[in-house]
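A, B, ... follow the sequence lines: proteins, then strands. Residue 1 opens every chain. From a predicted model like this one, the values you see are computed outputs, not experimental measurements.
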There are 2 protein chains.
Amino acid sequence: MARTPAPGTRDTILTAAAGLFYEHGVRAVGMAQVVEAAGCGKNLLYKHFPSKAELAAAYLTLSRREWERSVTEALRWSADPAERLISLVTEVAESVQRPGYRGCPFRNYLTEFPGETDEPARVAEAYLADSRAQVNRLVTGAGGSGLLADRIWLVVNGLYSAEPAQAQVAVDWITELVRGDA
Amino acid sequence: MARTPAPGTRDTILTAAAGLFYEHGVRAVGMAQVVEAAGCGKNLLYKHFPSKAELAAAYLTLSRREWERSVTEALRWSADPAERLISLVTEVAESVQRPGYRGCPFRNYLTEFPGETDEPARVAEAYLADSRAQVNRLVTGAGGSGLLADRIWLVVNGLYSAEPAQAQVAVDWITELVRGDA
DNA sequence: GTCTATAGTGGGATAGAC
DNA sequence: GTCTATCCCACTATAGAC
């Protein structure tokens, strides 16, 4: 009897893998662990993700998609670049304060695999470049200088590795900076 | 071929291990690689460092010692807290721009081993706490507020993961901040 | 005695066969 | 879904060179 494939098998596996990868790091998590957490067989996993690198790339792509969905949601309330930038930073600050926060998945991957040029590394680097460009666009759109964009990018970067308690400091500061310069 | 009666065997091994650990990450480097790079036997390695964790802890301790030596050197030219803070940040900025820079070894370790509480993790966390306290001390010594210290710590954190080209932006900004507030 | 070289242990990794 | 192949891991132990 040929069994019809379960509807969300790929998503189930990917979700399980994403949780493990984010919590423990990609390198520390084995495919067997993913199989156990997903509750599927190993063959099914390799059918959907032929290698660990592809699974890691899918994990990062999923992280990006989820993150950008919540950012888009946060930014849709205002068309003013300054307000949008503040909303974006607020979104970062909130994520940093969430329980279970363990750093930026993209920066983490690049730290775990320095000098790597495989697909997950490209996904991570593409996100960082796009994210940087978005900050630049919002700052200049708000009438801010390139220097201000550089400074705000420094603070955003710092936000990702600082203690969660400092998140509000960053939000307030950037609000002050972007409103004062706009 | 028995070489000279151990002139600096421990240092030779540790130096080799430190280079590999920093460049590729602790997790990615195997003890066999360390043996090969150090040009010694496996037995000797395990005599000096009974486990990989102890070798990693020694690597981080060495990194801290070297870093603090260059910081002490940079700070000895002024007794003024504001100038000392600027020198400290300049030192960070210079290290970030050095070829082969691959991030902060302590932050990197904690990213590679999230939630770990072994000796290397304690060394890394102790350094970060002490480093943060030093910034606090310098800022308040320069007449700056706790808020300014928080902000400067954000920028310093950001400096470690930003592109090297932004290092000067950070130095200039902190110079402006600490001189304006002092 | 101090070191190198090498063989080997148990475990866990990715990956694939059936 | 189980079972296996192959490899690399940290780590140990043995045997021999200087």
Can you measure [X] atom [atom1] to [N] atom [atom2] for me and round it to whole angstrom units?
{"X": "B:Arg27", "N": "D:dC9", "atom1": "CZ", "atom2": "C1'", "answer": "12 Å"}
{"X": "A:Lys52", "N": "C:dA13", "atom1": "NZ", "atom2": "C1'", "answer": "8 Å"}
{"X": "B:Leu45", "N": "D:dT12", "atom1": "CG", "atom2": "C1'", "answer": "13 Å"}
{"X": "A:His48", "N": "C:dG16", "atom1": "NE2", "atom2": "P", "answer": "16 Å"}
{"X": "A:Asp118", "N": "C:dT14", "atom1": "CG", "atom2": "C1'", "answer": "15 Å"}
{"X": "A:His24", "N": "C:dA13", "atom1": "NE2", "atom2": "P", "answer": "12 Å"}
{"X": "A:Met31", "N": "D:dG1", "atom1": "CE", "atom2": "C1'", "answer": "16 Å"}
{"X": "B:Ile13", "N": "C:dT2", "atom1": "CD1", "atom2": "C1'", "answer": "13 Å"}

Distance-only donor-acceptor test (3.5 Å): side chain B:Asn43, base D:dT14: yes
C:dC3 OP1/OP2 closer than 4.0 Å to side-chain N/O of B:Lys47: yes
The nucleotide from D:dC3, D:dC11, C:dC3 with an atom nearest the side chain of B:Lys42 is D:dC11
Taking the minimum atom-to-atom distance to the side chain of B:Tyr46, which one of C:dA13, C:dT4, D:dA10 wins? D:dA10
Categorize B:Val35 for me: base, sugar-phosphate, or nothing, with a 4.0 angstrom heavy-atom threshold over every strand shown. nothing
Are side-chain N/O atoms of A:Asp172 and A:Gln168 paired as donor and acceptor at under 3.5 Å? yes
Can you see whether B:Trp153 engages A:Glu163 through a side-chain donor-acceptor pair at a distance of less than 3.5 angstrom? yes
What I want to find out is whether A:Glu73 reaches A:Arg76 closely enough, with some N-O distance under 4.0 Å, to be called a salt bridge. yes
Hey, are the side chains of B:Leu128 and B:Leu110 touching, using non-hydrogen atoms and a 4.5 Å cut-off? yes
